S.K.: 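Would you mind keeping the following structure in view while I ask a few things?
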Amino acid sequence: MGKLKPLIIILAIVVVIFGAGSIFYISGLGAVDPDDKVEVSVTVPQGSGASSIVAVLDEQGLVKNKTVAKIQARIGKYNTLQANTYIFSKSMTFTEIMKAINTGDFNYVSKQSFEMKEGYRLAQNAKLLSKAIPFTSKEIMAKWSDKTYLKELIDKYWFLTEDILNKDVMYPLEGYLAPNTYYITDSNPSIEGVTEMMLDQMDKNLTSRKDDIKKTGFTVNEFLSLASIVCKEGGSNESEAPHIAGVFINRLEKNMSLGSDVTVCYIYQEDRVDLNKAQLSSDNPYNTRKFTGLTPGPICAIPTVDMDAVINYQDTDDLFFYAGPDGTVYYATTQAGHEKNVKEHPWTREDLE
């Protein structure tokens with residue numbers, strides 16, 4: 001027993017030291033301040049290793065014990081560190097932060113959001129986008145009209161064809177950028193990167209409807225053109241979209257002009273109901289008051305509800321519709337019936353203001 005006593009004492013000391021070291025190590029990986037929820041932005045450069053990330057985090061005051069953090073960085077198996085800009089806080093532990101960086105956790109990625117609005121024209125949405133990325137709307141529109149860039153996109157996306165390069169098309173990507181709320185996670189976003197984000201979403205929207213679009217007999221450009229007109233004519237009244245689509249399809253089949261004022265508005269890049277005679281007689285091919293057939297291209301950002309309205313249009317005998325000042329849509333099978341609807345539900349000057 002006398003010989004075992006020193007050994008027991010030594011083991012006890014080792015255990016105490018090991019225990020104290022473990023407590024110190026675990027504490028060193030803890031949160032700098034568990035109560036501090038203030039957001040701290042951290043940019044992890046491309047190609048950063050675990051040790052260099054420790055230095056970045058330490059500079060931002062997110063490391064409780066730098067020595068312990070360096071050790072953990074070496075043994076923590078952080079093999080897939082994701083370059084990005086993240087939002088952390090001093091209430092997070094070192095292991096939580098490193099796990100987020102190692103997985104590129106979207107919950108912690110710094111996000112700048114912007115909305116591509118339904119029914120908005122391309123130029124309108126370009127202005128919204130310019131508030132989220134370091135480019136003016138003029139620069140964005142210039143890129144979206146660059147033929148070299150457009151041809152690259154045509155090669156990449158099945159639904160983009162030479163139709164968008166038609167000389168009569170006012171804005172080639174009009175109607176092809178899916179309306180949605182998007183998040184920019186790149187610390188140095190490009191017009192190209194954001195554009196492809198929106199085209200990727202449109203790819204999903206159209207691919208899931210590819211067979212149905214083919215059954216309509218329209219090309220993708222024709223399909224989107226009609227869906228965009230339905231969108232602008234129906235406005236927020238989504239329930240009327242299939243009926244409106246049915247009216248337009250009837251007119252197309254009878255080789256009648258669509259007679260849509262919203263297409264004339266597009267020529268002048270405005271939204272109004274009191275168009276003058278000069279505008280209505282425009283020789284621009286987007287004038288469906290004057291020319292038969294569809295517009296050369298879409299006229300706005302198209303929500304899927306209007307795509308589905310064209311695919312599942314209402315079978316009707318109606319050839320006319322008229323939206324009254326209260327938003328009610330009135331349909332007619334004859335010109336006389338249409339004129340009666342207009343007379344009975346007139347717009348007043350107050351309605352136009």
Side-chain angles (χ1 to χ4, degrees), residues 117-121 174-176 178-179 205-206 209 212-213 215-267 270-275 280 285-347 351-352:
K117 289 198 172 185
E118 300 176 352
Y120 269 40
R121 295 183 296 276
E174 184 78 81
Y176 285 91
N205 294 349
L206 292 177
R209 296 169 173 80
D212 290 324
I213 294 171
K215 289 176 185 177
T216 66
F218 294 121
T219 64
V220 174
N221 190 64
E222 291 170 338
F223 172 77
L224 292 178
S225 295
L226 180 54
S228 70
I229 297 171
V230 170
C231 172
K232 292 296 283 186
E233 288 285 8
S236 59
N237 200 343
E238 295 180 355
S239 62
E240 296 295 334
H243 199 160
I244 292 173
V247 170
F248 282 138
I249 287 174
N250 284 346
R251 294 179 73 94
L252 288 170
E253 290 178 345
K254 293 180 179 295
N255 200 33
M256 297 173 64
S257 66
L258 295 184
S260 172
D261 285 355
V262 298
T263 66
V264 182
C265 288
Y266 183 74
I267 298 169
E270 58 185 11
D271 296 302
R272 56 188 297 179
V273 294
D274 56 338
L275 293 164
L280 292 172
Y286 280 84
N287 185 359
T288 63
R289 274 293 204 104
K290 187 170 187 176
F291 303 106
T292 58
L294 292 163
T295 48
I299 62 172
C300 69
I302 312 159
T304 55
V305 65
D306 292 303
M307 294 183 191
D308 292 335
V310 173
I311 291 171
N312 303 302
Y313 68 90
Q314 184 173 325
D315 190 7
T316 177
D317 292 328
D318 295 324
L319 290 170
F320 303 87
F321 68 87
Y322 167 74
D326 64 350
T328 302
V329 181
Y330 302 92
Y331 298 90
T333 57
T334 64
Q335 180 72 41
H338 175 63
E339 291 174 356
K340 183 182 180 206
N341 286 334
V342 174
K343 184 176 181 179
E344 291 179 351
H345 309 280
W347 284 74
D351 293 325
L352 298 174

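In what follows, residues are counted from 1 in the order of the sequence shown. Everything numeric here is computed off the predicted structure, so don't read it as measured data. Values below: all heavy atoms of this structure, side chains included; hydrogens, waters and symmetry mates excluded.
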S.K.: Looking at G119 and C231, what are the two nearest heavy atoms and their distance?
M.R.: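 Closest approach of G119 to C231: CA-SG, 3.8 Å.
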
S.K.: Is the shortest side-chain N to carboxylate O distance from E339 to K343 below 4.0 Å?
M.R.: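 No, no charged N to carboxylate O under 4.0 Å.
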
S.K.: If you draw a 6.0 Å radius around CZ in F291, do more than 12 non-hydrogen atoms from other residues or ligands fall strictly inside?
M.R.: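 For F291, atom CZ is crowded (more than 12 foreign heavy atoms under 6.0 Å).
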
S.K.: Minimum heavy-atom separation for P346 to P325, with atom names?
M.R.: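 That closest heavy-atom pairing would be O-CG, 3.5 Å.
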
S.K.: Please confirm whether the backbone N or O of G337 pairs with a side-chain atom of T334, one donor and one acceptor, at under 3.5 Å?
M.R.: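 At least one qualifying donor-acceptor pair exists.
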
S.K.: Evaluate side chain to side chain contact (heavy atoms under 4.5 Å, CB included) for N250 paired with D317, printing each intermediate quantity in order.
M.R.: CA-CA 8 Å; N250 284 346; D317 292 328; 5.6 Å; no

S.K.: Atom CG of residue position D326 - does it have more than 12 heavy atoms of other residues, nucleotides or ligands inside 6.0 Å?
M.R.: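 More than 12 heavy atoms, drawn from other residues, nucleotides or ligands, come within 6.0 Å of this atom.
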
S.K.: Under a plain distance cut-off of 3.5 Å, with no hydrogens placed, do N221 and Y176 share a side-chain donor-acceptor pair?
M.R.: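 Yes, because at least one side-chain N or O of Y176 sits under 3.5 Å from a partner of the opposite role on N221.
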
S.K.: Identify the heavy atoms of A301 and K117 that sit nearest to each other, and give their distance.
M.R.: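 Of all heavy-atom pairs spanning A301 and K117, the closest is CB-O, 3.4 Å.
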
S.K.: Roughly how far, to the nearest 0.5 Å, is CG of L226 from CD1 of I302?
M.R.: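 If I round to the nearest 0.5 Å, the distance is 9.5 Å.
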
S.K.: How close do N287 and L280 get, heavy atom to heavy atom, and via which atoms?
M.R.: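 Heavy atoms of N287 and L280 come nearest at ND2-O, 2.9 Å.
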
S.K.: Can you find a pair of side-chain heavy atoms, one from P242 and one from N312, that are under 4.5 Å apart?
M.R.: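 SC-SC contact between P242 and N312 ruled out.
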
S.K.: Establish, yes or no, whether a centroid distance under 6.0 Å links the rings of Y322 and H345.
M.R.: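 Here the rings of H345 and Y322 have centres that are no less than 6.0 Å from each other.
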
S.K.: For the residue pair Y330 / E344, report whether a side-chain donor-acceptor contact shorter than 3.5 Å exists.
M.R.: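 No donor-acceptor contact under 3.5 Å links the two side chains.
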
S.K.: Is any side-chain heavy atom of V220 less than 4.5 Å from a side-chain heavy atom of L206?
M.R.: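 Yes; the side chains approach each other to less than 4.5 Å.
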
S.K.: So, the side chain of T288 versus the backbone of L258: is there a donor-acceptor pair under 3.5 Å, distance only?
M.R.: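 No; zero donor-acceptor contacts below 3.5 Å.
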
S.K.: Got a second to check how far F320's CZ is from Q335's CD, nearest 0.5 Å?
M.R.: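 It is 4.5 Å, given to the nearest 0.5 Å.
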
S.K.: Can you list the steps and then say if D271 with R121 is a side chain to side chain contact (heavy atoms under 4.5 Å, CB included)?
M.R.: CA-CA 10 Å; D271 296 302; R121 295 183 296 276; 3.0 Å; yes

S.K.: Would you say that more than 12 heavy atoms from the other residues, nucleotides or ligands in this model lie under 6.0 Å from the CD of E270, or not?
M.R.: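 For E270, atom CD is crowded (more than 12 foreign heavy atoms under 6.0 Å).
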
S.K.: Indicate yes or no: at least one non-hydrogen side-chain atom of F218 is less than 4.5 angstrom from one of L294.
M.R.: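 Counting from C-beta outward, F218 and L294 do come under 4.5 Å.
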
S.K.: Do S239 and N237 pass the side chain to side chain donor-acceptor pair (under 3.5 Å) test, and can you show the C-alpha distance, the side-chain angles, and the key distance before you say yes or no?
M.R.: CA-CA 6 Å; S239 62; N237 200 343; 3.0 Å; yes

S.K.: If every non-hydrogen atom of D306 is compared with every non-hydrogen atom of A241, which pair is closest and at what distance?
M.R.: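 Of all heavy-atom pairs spanning D306 and A241, the closest is OD1-CB, 3.6 Å.
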
S.K.: Measuring from atom SG of C300 to atom CD of E118, what distance do you get when rounded to the nearest 0.5 angstrom?
M.R.: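 Rounded to the nearest 0.5 Å, the SG-CD separation comes out at 9.5 Å.
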
S.K.: What's the separation between atom OG1 in T292 and atom CG in L252, rounded to the nearest 0.5 Å?
M.R.: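 So the OG1 of T292 and the CG of L252 are separated by 9.0 Å.
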
S.K.: How about M307 and I213: do any of their side-chain heavy atoms sit closer than 4.5 Å?
M.R.: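 Side chain of M307 against side chain of I213, heavy atoms only: no contact under 4.5 Å found.
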
S.K.: List the steps, then state whether side chain to side chain donor-acceptor pair (under 3.5 Å) holds for D318 with T316.
M.R.: CA-CA 5 Å; D318 295 324; T316 177; 3.0 Å; yes

S.K.: For residues A323 and W347, report the shortest heavy-atom separation together with the two atoms involved.
M.R.: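 Smallest interatomic distance, heavy atoms only, reads O-NE1, 3.1 Å.
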
S.K.: By the definition salt bridge (Lys or Arg N to Asp or Glu O under 4.0 Å), identify the one residue from R289, K232, R272 that meets it with D261.
M.R.: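 Testing D261 for a salt bridge (Lys or Arg N to Asp or Glu O under 4.0 Å) against R289, K232, R272 leaves exactly one candidate, R289.
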
S.K.: Find the distance between CZ (R251) and OG (S257) and round it off to the nearest 0.5 Å.
M.R.: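 Between R251 CZ and S257 OG, I get 5.0 Å after rounding to 0.5 Å.
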
S.K.: With distance as the sole criterion, is a donor-acceptor pair present between the side chains of Q314 and Y331 under 3.5 Å?
M.R.: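 Looking only at side-chain atoms, Y331 and Q314 do not form any donor-acceptor pair under 3.5 Å.
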
S.K.: Please lay out, stage by stage, how Y286 and I299 fare under the test side chain to side chain contact (heavy atoms under 4.5 Å, CB included).
M.R.: CA-CA 9 Å; Y286 280 84; I299 62 172; 4.0 Å; yes

S.K.: Looking at OG1 of T219 and CG of L224, how far apart are the two atoms once the value is rounded to the nearest 0.5 Å?
M.R.: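 One finds 8.5 Å between OG1 of T219 and CG of L224.
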
S.K.: Which of parallel (below 30°), tilted (30 to 60°) and perpendicular (above 60°) describes F321 and F248?
M.R.: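 Rings of F321 and F248: perpendicular, as their planes differ by over 60°.
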
